[in-house]
Every structure is written in structure tokens, then in C-alpha cells.
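Reckoned from all heavy atoms, side chains included, excluding hydrogens, waters and symmetry mates.
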Amino acid sequence: MVVCVVGLGNELRRDDGVGVKVVDRLRSCYGKNKECDFFILANDLFALPGLLEPYKKAVIVDAFPPGPHPGKLVISRFVPGTVERGPAAVYSLHDLDLYWHLQYALHRGYKGDIFLVGIETASLEPGIGLSPVLREKLPALTKQIRGFLAKLVKGLPEEDCGYELK
């Protein structure tokens, strides 16, 4: 079974690009691995429902809003209807969020498991590059997600992959 691993985020808004950075590092680690396919969608959420179709398991790595613990990792299974959401007013296609696109994938018939990997950020201000705190935690975050993937796909190596791990 092949797992789809997707990195999301806007690299022009500091830590919002952390999902892209982590998946890029994972792709470099594993190269052409037969257990995982790595994709960087960045802001192209419209591609997500179609991308997921051939996979029985998907892991989506994205940024959480800034909080008191930048770099905190939260992994959860996406279960429709269990996400607490406030009222939303959608005025254009730019206002559609990840939750909406995942719901749409299920509406299209996706039957696989979706795991969301959220990373708490320090800054979503305009700018290129991660904040110093997330840049420092990037190797450890990559290692944690490698560990999760190794458990999800038995036999996937957790080795160093050439990165300094903390």
C-alpha cells in the first residue's frame, strides 16, 4: 500500500510554509520510495481531492495558527463533522479552506484514511523563510513525522537521511 504525503502552505507567509518544507525534506530522505508518494501542493487545494483518489491512506502536513508552543505537532485522523468550526462566510474561491476540500474529496467518493499533521507556528507575517524557532525545530519535526510514517507503513526506514536530528 502506498501512502500519499502532501505538503501544504504559503512560503511567502513565514511559518505557513512549514508543511512544504517538511514534505520537501521527507521527499529528499526517501527519494523514490515504493511506500510513499510525496507531493507539494503549497496553496493548490483544488488539486487535493483528485490527488487523493488512488490512495488508501493520505497524510497532509500543514501549519496551525500561531500559538504558545511553536513547533508543537498534532496528528489526527480526519473524521467529517468532528472539526470545531466557527461561522464561515465564503465570498470567493479564495475563502475555501482545507476542511472544505477534504469534505469535497469524500463527496467525490474517496474512501481512504486521511491523517492531518498540524504544526503550530510562531509567525504568519509576510516574508520568505521560516521563523527562527521553526527553522531550529525543523529537523526534529521531520524526524517525528518520519516516525509516524514508519508506523503507518511498516518497513519504512526511520534513519537519519542525512539531516541533523535533535
### Message
By the definition side-chain contact (heavy atoms from CB on, under 4.5 Å), identify the one residue from Val3, Ile75, Val5 that meets it with Leu152.
### Response
Val3
Once rounded to the nearest 0.5 Å, what's the spacing between atom [atom1] of [X] and atom [atom2] of [Y]?
X: Leu48; Y: Phe39; atom1: CG; atom2: CZ; value: 11.0 Å
X: Asp113; Y: Lys111; atom1: CG; atom2: NZ; value: 12.5 Å
X: Leu124; Y: Ser131; atom1: CG; atom2: OG; value: 9.5 Å
X: Leu41; Y: Leu51; atom1: CG; atom2: CG; value: 5.5 Å
X: Ile128; Y: Asn10; atom1: CD1; atom2: CG; value: 10.0 Å

### Task
Decide whether Leu130 and Phe64 are clustered together by the hydrophobic rule: side chain heavy atoms of Ile, Leu, Val, Met, Phe, Trp, Tyr closer than 4.5 Å, transitively.
no
### Task
State yes or no: do Ile60 and Val2 share one hydrophobic cluster built from I, L, V, M, F, W and Y residues joined by side-chain heavy-atom distances below 4.5 Å, directly or via other members?
yes
#### Entry: ring pair (Phe, Tyr, Trp, His ring centres under 6.0 Å) partners of residues 114-138, not counting sequence neighbours, each pair once
Phe115-Phe148
### Task
Please list, chain by chain and in numerical order, all residues satisfying side chain to side chain donor-acceptor pair (under 3.5 Å) with Asp62, sequence neighbours excluded.
none
#### Entry: Charged N-O contact under 4.0 Å between Asp24 and Lys21
no
### Pairs involving residues 124-135, ordered by first then second residue, that meet salt bridge (Lys or Arg N to Asp or Glu O under 4.0 Å) (sequence neighbours left out)
none
### Query
Which heavy-atom pair separates Cys29 from Arg146 by the least distance, and what is that distance?
SG-NH1, 3.9 Å
### Task
Could you give me the CA-CA distance, side-chain angles and deciding distance for Tyr55 and Tyr110, then say whether ring-ring contact (aromatic ring centres under 6.0 Å, His included) is met?
CA-CA 9 Å; Tyr55 298 95; Tyr110 182 73; 8.6 Å; no
